[in-house]
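Counting convention: from 1, in listed order, for ligands and their atoms alike. The structure displayed is predicted, hence computed values, not measured ones.
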Amino acid sequence: MDNVFLNKDIFKGAYILMLKNLFNKKVESATTYEKYAALASLLNKQLDDNYEKTTKYVEENNLKKTIYFSMEFLMGRLITSNLMNSGYIDVVKEAFDDWGIDLNEVEQAETDAGLGNGGLGRLAACFLDSAASLSLPLYGNSLRYKKGFFVQRFENDQQKEYPDPWLEKPFYWEERKEDEAIQIPYFGYVKDTKLIDPVWIKAVPYDVKVVGANNGIVTTLRLWSAEKSQWHKYHDDEYLKMVDKITESLYPDDSTEAGKTLRLQQQYLFSAAGIKNVILNHKKLGRDVRDLPKYYVFQVNDTHPTLIIPELMRILMDEENLGYDESWDIVTKTVAYTNHTILSEALEKWNIKIFRNLLPRTFEIIQEMNRRFKIVLEEAKVPAEKVYTMQLIGANNVRMANICIYGSFSVNGVAALHTDILKNIELNDFYNLYPEKFNNKTNGITHRRWLLHINHELTDILNNLLGTKWQTDLPQIKGLEKYKDDKKVQNQIKEMKLAKKRALIKKIKADTGVTLNENAIFDIQIKRLHEYKRQLLNILNVIHTYLRLKSDNEFKKNFYPQNFIFGAKAAPSYVMAKGIIELINKVSHVINNDVETNDLLKVVFVENYNVTYAEFLFPAADLSEQISTASKEASGTGNMKFMLNGAITIGTMDGANVEIVQEAGKENNIIFGLSAEEVNNIYKNNGYVPRKIYDQDQRLQRVFEFIRKLTPNPTHFDFILQNLLTSDYFLVLKDFDSYVSAQEKANYLYKNQDLWWKMVIMNIANAGFFTSDRTISEYNQDIWKLDTIKI
Ligand code: 26W
């Protein structure tokens, strides 16, 4: 196809034709959605050419590829990324300007591809963008969920979940590849390594194009969809229902027993289909399976794709007739594993009954792996009690993390502190056995989406001061540092913030009816709702601040107006997390309706926080809330998005906060609370009595009293309060005093505007390290060793 984006007039012609073909409409009469659909459709077609060139180059030059196996890719909208990265945005803008169409409005018509819960899924999406932009042959592999992460609504202040049927309208960026479908067996029984009478499912791939920035590279994210298989004889209702369910919806990250088999089915589907797909291509190109490690690295994003390890073993042994040792050698040279959490309840394990029933041959293979691993442990003289915890199977469970560590050549954490904790505490036994496998890859974010796309004001300021080279080499924004005391630049940054606050105020007003003061500190906490992230600590301080404003005139006189904004979804079965949402909502009504404090303090919980909402929130923030219990947040990536957009971190020394402070300087952020080491000592000594803290702190007592009065029934929130008083595992009360002081400091600092904007500039200027281009380069240098695509 000729390039229809070459100039305005050619584009206009093609666009008019597309509108006519798709909807039989003219530009003047098309709806915003139709305008969007025509644009997306045209752009997607246009990208075919570069996709083919990229594919051809990779094949002809025998490039090694990384397959990024991830159960989640939280892509958000693709239209803006694809327009900007392909370099066609200017032509489209010019044409749309002529027609009086607002491109921005058209872009908003795309629904988010919400195929993820949070950070892990968004990281995968950032990685696709960075790898393609660095011309690296990396391909995503995942599931095509018909329903994405649930839509959140508040009813009586409580979270209610509704399905997200994002595929009901066509998804213009995908292409079904029927001829590459793969048959996947579940259940059945094993006879001499053969699977007998399985239930067959057809996995059909849909490829979503991934566009590199200004380099002509187009890779793909392959999403597998479950369909009925002609290999299966009985298409009765039960079978059809089961098939339908497999890729029906994304799992929220809760750990309820119900639906566990289904989640394992999902994991096997995209793992087995992805691996088989690779092997077929590999052989089609005339390559030997023994050479697999020369052509592929399989990066496993957390333990969800663990099954690629036994599955590859199965194919090599059962289908390619290699011996166990030779097969194992291939597997352990090809698989690399990334760990994203130290919360033990998130470490995946599967009951052996469920596992063996669904995947009998895979289970046998894992048993054999386990038998051999135990010999390795014995030979290494690992003490018996450790052998027990390190085994691949134990306490009636298949342990996915253990399989990953044993079966891969690289194990990485996602921030320096996190990797240290893995090495020295959580995975210490494995580290002692395989020190050479462990390495750190501090997370990053794609600065194209999280700065260039969402913050044109800041982009312009940087372009004017530094030229445009920083756009392809983010660390060059360090050049901004020399303007830290420049009043003119400080003012420009301040104006940028104000513009972004106004855009957010407008959106929040439309969504919630709450009017926010633009001359207030915007204090924002947006992330999954989890006790370890301590949204509870935040709201306790908000209540305390409110009560103080009402009782302490001196304090009120000196208080700079502050808006506290929350955005978060709670896993549907996570009772405590949902209680915290309700609490914050109830607190917000009381505070927002109090005329005595109205112009000083507001609290908003935005509904249905997602990638698109995030794009409004990050640039509007002054304060970035990163207040997890130290040691619990593996990295965090929202913290990096805030920093890059000119917010100051109020946070604990946890996850990547540690590195943010290292880069920007401790004096330019507000750090408080227990250290990871102190937290771990408290756990070890087992002597923490939260009740003591409460009894000695009148502020906490008043805050609790306020919460009891929020509802007609004073015990309504007792399950939250009692938990704080009797257990407080995440040390909310312990860090309360120090957090209140940090908040006071933030409010005080903001009033010193010269100092504030200087601190902001120091943060922006030193955010270069956190581009995912750097992260991906490190993965490539240390783990993948891919050559670049040159076209
Ligand atoms: C077992 C099911 C399950 C599925 C997803 C459990 C937990 C999840 C989470 C949503 C995983 C997650 O998002 N982890 C986050 O990963 C980010 C990227 O590395 C880190 O920055 C965050 O600290 C970590 O919480």
Side-chain angles (χ1 to χ4, degrees), residues 68 70-74 114-127 142-143 145 148-150 249-257 259-260 262-264 266-267 299-306 337-350 397-401 404 412-419 421-422 440-446 526-534 568-574 577 609-611 626-643 651-652 654-660 676 770 772 775-776 779:
Y68 197 82
S70 176
M71 214 171 173
E72 305 187 4
F73 281 87
L74 193 43
L115 309 184
N117 276 283
L120 169 141
R122 184 53 233 174
L123 184 77
C126 284
F127 280 6
S142 189
L143 292 153
Y145 307 102
F149 200 33
F150 67 82
S249 61
L250 166 83
Y251 260 79
D253 72 274
D254 57 14
S255 35
T256 46
E257 277 305 308
K260 278 236 156 171
L262 182 53
R263 191 172 159 92
L264 192 58
Q266 291 186 334
Q267 296 190 349
Q299 189 70 40
V300 174
N301 198 26
D302 220 289
T303 53
H304 318 149
T306 302
Y337 160 58
T338 304
N339 175 291
H340 293 265
T341 186
I342 52 169
L343 294 185
S344 50
E345 68 265 25
L347 284 184
E348 285 192 302
K349 36 192 190 318
W350 297 103
N397 283 318
V398 179
R399 297 162 170 164
M400 305 302 252
C404 281
N412 77 279
V414 289
L417 176 68
H418 170 58
T419 303
I421 293 174
L422 291 181
N440 176 246
K441 297 287 166 284
T442 298
N443 282 166
I445 56 171
T446 169
I526 40 178
K527 45 181 82 255
R528 283 181 294 131
L529 203 312
H530 203 291
E531 285 165 282
Y532 85 79
K533 295 179 186 276
R534 298 200 295 191
K569 289 179 183 173
S573 71
Y574 192 168
Y609 172 61
N610 60 10
V611 174
Q626 308 301 334
I627 59 177
S628 52
T629 313
S631 81
K632 298 295 180 195
E633 188 69 271
S635 161
T637 43
N639 47 3
M640 303 167 186
K641 294 164 199 164
F642 278 118
M643 180 194 196
T652 49
D654 199 16
N657 298 352
V658 175
E659 286 153 273
I660 284 180
F770 299 106
S772 45
T775 312
I776 287 292
Y779 273 93

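For ligand 1, none of its N or O atoms has an N or O atom of G118 under 3.5 Å away. Residue contacts with ligand 1: E348 is placed with no nitrogen or oxygen under 3.5 Å of a nitrogen or oxygen of the ligand (distance criterion only). Among the atoms of N117, none of the N or O lies under 3.5 angstrom from an N or O of ligand 1. Considering both main-chain and side-chain atoms, E72 never comes within under 3.5 Å of ligand 1 through any nitrogen or oxygen pair. Of the N or O atoms in K533, none lie within a sub-3.5 Å distance of an N or O in ligand 1. Looking at ligand 1, you'll find an N or O of R528 within less than 3.5 Å of one of its N or O atoms. In terms of polar-atom proximity, defined here as any N/O pair under 3.5 Å, G121 makes no such contact with ligand 1.
Using a 4.5 Å heavy-atom cutoff, the side chains of F770 and E659 are in contact. Side chains of N610 and F149 form no contact here, defined as non-hydrogen atoms less than 4.5 Å apart.
Residue contacts with ligand 1: N443 is included, with a non-hydrogen atom under 4.0 Å away. At least one heavy atom of H304 sits closer than 4.0 Å to an atom of ligand 1. Heavy-atom separations between G655 and ligand 1 are all 4.0 Å or longer.
Residue R263 touches ligand 1 through its side chain alone, judged by heavy-atom distances below 4.0 Å. In F149, neither the side chain nor the backbone holds a heavy atom less than 4.0 Å from any atom of ligand 1.
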For this session: Before giving the answer on side-chain hydrogen bond (donor to acceptor under 3.5 Å, both in side chains), spell out for T338 and Q299 the whole-Å C-alpha distance, their side-chain angles and the decisive distance to 0.1 Å.
Result: CA-CA 7 Å; T338 304; Q299 189 70 40; 2.8 Å; yes

Tell me, with the steps shown, if Y145 and Y251 meet ring pair (Phe, Tyr, Trp, His ring centres under 6.0 Å).
CA-CA 10 Å; Y145 307 102; Y251 260 79; 8.7 Å; no

task = Tell me, with the steps shown, if Q626 and D654 meet side-chain hydrogen bond (donor to acceptor under 3.5 Å, both in side chains).
result = CA-CA 8 Å; Q626 308 301 334; D654 199 16; over 6 Å; no

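The cationic group of K569 lies under 6.0 Å from the six-membered ring centre of F150 and within 45° of the ring axis, placing it in a cation-pi geometry.
Close contacts between ligand 1 and A634 involve ligand atoms 23 (O) [criterion: under 4.0 Å to a heavy atom]. Within ligand 1, counting atoms from 1 as listed, the ones closer than 4.0 Å to a heavy atom of E633 are 22 (C), 23 (O), 24 (C), 25 (O). Of all atoms in ligand 1, listed by their number and element, those nearer than 4.0 Å to a heavy atom of Y532 are 25 (O).
Proximity of a side-chain donor or acceptor of T652 to a complementary backbone N or O of T629 within less than 3.5 Å is not detected. In terms of modelled atom types and a separation under 3.5 Å, the side chain of S635 and the main chain of G655 share no donor-acceptor contact.
Partners of E348 under the salt bridge (charged side-chain N to carboxylate O under 4.0 Å, His left out) rule, at least two apart in sequence or in another chain, are R263. Annotation: side-chain contact (heavy atoms from CB on, under 4.5 Å) contacts of A401 (sequence neighbours excluded): T303, Y337, L347.
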